[in-house]
Amino acid sequence: MHCHILIAVVLWSISIDSQTIRGISLSYKRFYRERKSFLCIDGSKLIPFDQVNDDYCDCVDGSDEPGTAACPGGRFYCTNLGYRPHYIPSSRVNDAICDCCDASDEYNSHTLCQNTCRDLGQTEREEVKSQMKALDEGLRLKQELIQEGIQMWQDKQAQLRDLQRVSDDLQTQLDDLRKEDVRRKEEVDALRELVNSHRGHNSTESPVSESDRSRDGSVTVKEVQAKLADIQAEGRDLSEDGAIIRGSSVPGQPAEEEDPVVKAAISAAEKAAAELKRIEDAYEAVYMEIRDLREKLATDFGPEREFLFLHIQCFHQKVNEYFYELCPFNQVTQTSASGAEVSLGKWGSWADSRENRYGQMKYVNGEPCWQGPTRNTVVTLTCGTETAMRSVKEPSKCQYAVEFQTPVACRLAQRGRGIHSEL
Amino acid sequence: MATLIDRMCLQLVLVLSIYLGMTQAVDRTNFKTCQQSAFCSRQRALRPGQSSYRALLDTLELSDSRLTLQLLNNNKVRLLLELYRLQGNITRVKINELKPIKPRYEVPDVLITEPQTEPMSVVAQDERGVVLSLGGEDRRLYVNAQPFRLDIMEGQVLLLSINSQGLLAFEHLRLRKDTISHKITSTVASMWDKIKTVFSSSKDQTDPEEAGRTEDTQRNNEDEETEVDQPGMWEETFKSHADTKPNGPSSISLDFSLPGVEHVYGLPEHADSLQLKNTDGGDPYRLYNLDVFQYELSNPMALYGAVPVLISHNTHRTMGLFWLNTAETWVDISSRQDPAQVPQTDVRWISESGIIDVFLMLGPKPADVFSQYASLTGTQAFPPLSSLAYHQSRWNYNNQEDVASVDRGFDEHDIPYDFIWLDIEHTDGKRYFTWDKKNFPQPKDMLQGLMDKRRKMVTIVDPHIKVDSSFKIHSEIRSKGFYIKNKDGGDYEGWCWPGNAGYPDFTNPEMRSWWSSMFAYDQYEGSMENLYTWNDMNEPSVFNGPEVTMHKDALHGPWEHRDLHNLYGLYVQMATAEGQIRRSGGLERPFVLSRSFFAGSQRYGAVWTGDNAAEWGHLKVSIPMCLSLSLVGISFCGADVGGFFKTPGTELLVRWYQAGAYQPFFRSHAHLDTPRREPWLFGPDNMALIREAVRQRYALLPYWYLQFYHAHRTGQPVMRALWVEYPHDVSTFSIDDEYLIGRDLLVHPVTDERSTGVNVYLPGDGEVWYDVHTFQRHEGAQNLHIPVTMSTIPVFQRGGSIICRKNRVRRSSSCMENDPFTLYVALDPQGNAEGELYIDDGHTFKHETDRQFIQRRLRFTANTLSSSDLSPDSQFPTASWVEKVFILGAQKPKGVTLTTGGAVSSVEFEFDPVTAVVTLRKPDVNAGVDWTIQLQ
């Protein structure tokens, strides 16, 4: 604020100094040092100095008439002592509308303008003060929220790692189970074949136990296959009838179902398949979760992930008979008094602007309008100490505009914006 | 918000489906063709031939200025012909039944006064007819007795003939035959059956499909006493709408032949070329005020307004036919273009009821026809200057904050505007004269905010009144009995924006007076002196009515709606304008925009071309549509910039602003369903182009204002077809993609997509034109290719003219009130130029009541530019002065001196040898005084 008073003092002295040349700022004074002639600032023309501010436009750049409305596209400098100096289009000089708070633009109109700069300055300074306070508070809160975001991010990352680990485990299990499943199925197939082929040989023993070459009481797949090979070799010596006989035995009582060994093998294979399915489902679920989480984590939550904390929340506002809900990075909805819910758009992207990459969010592809396009919403983020919806508007039919306030929209750069001087 | 609208719309969808069905274009089946209109069908079946009417010469009576004569045909129902010679080379022909069983409607309130007559005398008379002198040197009216026919001759030249095609037809009023009235039911099919039964013995029995076409034979075999009832005479059904016709058939028809005429114009409103087309083989031009949803281009279908005036033109003569009838009217145009024969155009008018009352405006020059027509129906209302500036509108600006933010947007982007408009959503539930409490809680604050910027607002006030006993306007109209009645005598009700609505009877002067009183500041709550009015839907639009309008059997006191339908819209605007005048104690000029209109509507304000679309074709047609209106007195015309329906691309939007900036009424407007369109929403380049177009308009406001002053004083149009100023140049006769503003500016807007150039015809052999942007000089009477970029608006100033501009464009026109003028002196090849300057307060009637204005003649001749008083008995103090003078087509002077009030001073100047332009620096002389500037 000290700085401001200083500026005011400086301006005071300027305004006395350059009062003969109306409508210019200190920085332009050097162009108007009183001499015999005046060179248009763009250098296009040299005119007698008494044609400066003589209410006739000589210079194409308008520089000879800073204090009158003579030049199209010219500009007039409001000194606005006590408030902010600024330029107005010169077409607003003497148009019977008070534009400069120091009334300097209406020096030759019938309109009486009050000098309101002091009040405006006062109000603005207070406003700026509270804004700055809010900004400071906002920036402080932002840091907390960033921390919260970092924590959340880390949690999410941990969650992702956990999920990844689970996924890896499941993967290993899956590999084993798939092998086991295949083995079991082959075994059952082999046993079945064995039983069926044995039926032609009138063996009193179970063909399976017969094949227990190692005599260790269990039948391995290899043993079964070996036995099977023997039988097949025998079969080749047999007449073709063998095949017929074998074939004719199938529709009869399935031999393998009576065979306890086969039964046990089938049951074991079924169990293995069930286990595989269970783990596959679990793996699928975990995979989806990982994908969703990755997708979410890939969202642009700002350079410091300051917007991250918003994504698990929803915010509300009631406007007239409508209830609006904004779930950042997800969707915007409108619910009428009758309870009908309408989508006003799903998260699309940040609306990039040169000034601020994170100033506006776009929600697109909401419910189609009656005979119109689909609804969409632009959410404008403003700096404030609270996180809340401030307003909802519908400037064009089915095009919604939400103002959303949050500390994370506060930016350090805004600190310099409070009072900015043309000087 | 949107969903609410959706819901409401869905509720209304049944009744509105006809109206709102989002088809790509108009649903033609909602509107009648001539064939579907019983009287048109009956009348059109009558073919040219010898008239069955004869004039009974023994009934001739001639007073000083009026001749009467009875006409008779085989039906023995006598007609009374009245002929008047009116001041200013106009002949009036009236034909009515001599003794109708009840009065037939004669149109009130369209003529500004009972026209002044002039003496007529019988020059010759024998058993074949009478010859009357119409004054002038040798202007004669020949009345041929049998067949009845009228011819107007000037010397040896036949100007026009009436009933030479024998198409005079007069369905006299009659009593209904009981048998029919009892037997006919409301369904068409059974009606036809009944008619067949009733007339089973008739030789003229008609197949329903062939109904109209057999009249020919009937006419030729006319049986004197038995007049056969024709289909649709006593009842007619269109779609689901029955038209009971308790008065039976009443239509009239008459033909006019114009020898030597190939070009006819007028008959607005149609979305078609300026030059009227032959209607042989198609439908006639229809005049029946209708709310046509998404109208089509290039066809003769009726639109929102009707002016039954036709202008004929050839190199020798311009004439006008004014058919004063407010019932549904169809006009057939048939041009003979056989090169072996003298060209001729035949025009045939058919109206459903009323009388034949036609004014023959005999010219001979275009300007004469305009003054003749103005002497009958009045001139253009002189609008407040600000209403000629730019208007920003959309359906809808949502609330006060929205209005404030749009207002701010114009200032932030340094684009001037004068009026911001509020459409129907600003009201409390479409109750006009009220405000939506949520969105417009403090209308006066809003209006004050605009007033602080010297800007204004327009709110919509439509003539359909929500039926709601708690709504003051409704309950008062109901209790005073001011509503139009249905055929059964109850208040007529129909669907419109508010749902069920009543329609005030604006034909009733007491009703109009009451309506006017509703605009008083203490009646229209929240209104202030910078609030003006827009009358929409005044055809009237009735969503669930036949052809989206009122039932013809509705009643206005003793008259059926059928008789006066086309006049309703005029009355609404009349009463509204009167309300604005009255609220200011008679001091302030009103501004009222109307969608519907009739002959005479020019007296009450502006009109626009209704609900157009964001298409190049609609931009293009805005020129002939406004030119047609201008020819028949309505100068204050414009089209929605950008197009109402649909969304314009940026190129179309920019081109439309550029075109609109050079049309009389300049308003952008958009449908509720379209995205926002404020000029800064299309990127800085397009914004800059739009701003430049709007600024050109503001700079030229002094010229526009002068043109409207002339239009108001003399009836000459503001926007003129080229042939109006170059009547001998045949190549101008069909041009309707360029036009003149006044005499001195020629505009050829770019109306094609991705255009790289336009072909401009510059008229005037021996004349020169100057490009207003580059000062480049072009010879007249040539076609010129003008290359264009996105910033080009091809405009040319006529050599020989002086135009005044105010180049200090500010945020509204009021802010420019005291600004200095820049004079553009465009020399003709002889080094002369002439122009005018008009200044007054811009908004009151004091120019009329107190003669408070300045009107000056600016003349450049013999190297001297002078300003002299054209109206020494008027006075107005002005702060405006002359800041700069451009002299185009000049030679370098040695010196320049200014003489004013006896003092002589020298004036600095520059000369550009490339463009041959002398620029005078700051003559600094008051715009209201005498001065001369001498170039040595």
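Throughout, a chain's letter reflects where its sequence line sits, starting with A, and its residues are numbered from 1.
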Counting only heavy atoms from other residues, nucleotides and ligands, does the tally under 6.0 Å from [atom1] of [X] exceed 12?
{"X": "A/Glu386", "atom1": "CD", "answer": "no"}
{"X": "B/Phe682", "atom1": "CZ", "answer": "yes"}
{"X": "A/Arg357", "atom1": "CZ", "answer": "yes"}

Roughly how far, to the nearest 0.5 Å, is [atom2] of [Y] from [atom1] of [X]?
{"X": "B/Glu817", "Y": "A/Asp95", "atom1": "CD", "atom2": "CG", "answer": "11.5 Å"}
{"X": "B/Asn398", "Y": "A/Ser396", "atom1": "CG", "atom2": "OG", "answer": "8.0 Å"}
{"X": "A/Asn94", "Y": "B/Arg808", "atom1": "CG", "atom2": "CZ", "answer": "9.5 Å"}

Is it the side chain or the backbone of A/Asn108 that comes within 4.5 Å of chain B heavy atoms, both, or neither?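 Neither; nothing under 4.5 Å.
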Counting only heavy atoms closer than 4.5 Å, note whether A/Pro89 contacts chain B via side chain, backbone, both or neither.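 When you check distances to chain B, only side chain atoms of A/Pro89 fall under 4.5 Å.
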Contact origin within [X] toward chain A - heavy atom pairs under 4.5 Å:
{"X": "B/Thr674", "answer": "backbone"}
{"X": "B/Glu678", "answer": "neither"}
{"X": "B/Trp395", "answer": "neither"}
{"X": "B/Asn818", "answer": "neither"}

Testing the 3.5 Å rule here: is there a donor-acceptor pair between the side chains of A/Gln51 and B/Arg921?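 Yes.
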Which of B/Asp452, B/Asp411, B/Val809, B/Asn399 touches chain A most, by non-hydrogen pairs under 4.5 Å: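 Most heavy-atom pairs within the cutoff with chain A belong to B/Asp411.
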Using a cut-off of under 4.5 Å for heavy-atom pairs, which of B/Arg394, B/Glu883, B/Arg677 has the most such pairs with chain A?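 Looking at each option in turn, the highest pair count goes to B/Glu883.
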Pick one: which of B/Arg810, B/Arg695, B/Arg811 meets side-chain contact (heavy atoms from CB on, under 4.5 Å) with A/Ser91?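 With A/Ser91 as partner, side-chain contact (heavy atoms from CB on, under 4.5 Å) holds for just one option, B/Arg810.
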Output all residues satisfying disulfide (SG to SG under 2.5 Å) with B/Cys815, sequence neighbours left out; order by chain, then residue number.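 Disulfide (SG to SG under 2.5 Å) list for B/Cys815, sorted by chain: empty.
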Regarding B/Asp414 and A/Arg92, does a basic nitrogen lie under 4.0 Å from an acidic carboxylate oxygen?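 The answer is yes: the pair qualifies as a salt bridge.
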Where along residues 54-70 of chain A does a heavy atom come under 4.5 Å of chain B, listed by residue number?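 Listed by number, the contacting residues are A/Asp54, A/Asp55, A/Tyr56, A/Asp58, A/Ala69, A/Ala70.
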For the student: nearest non-hydrogen atoms of B/Arg454 and A/Ala96, plus distance: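 That closest heavy-atom pairing would be NH1-CB, 3.2 Å.
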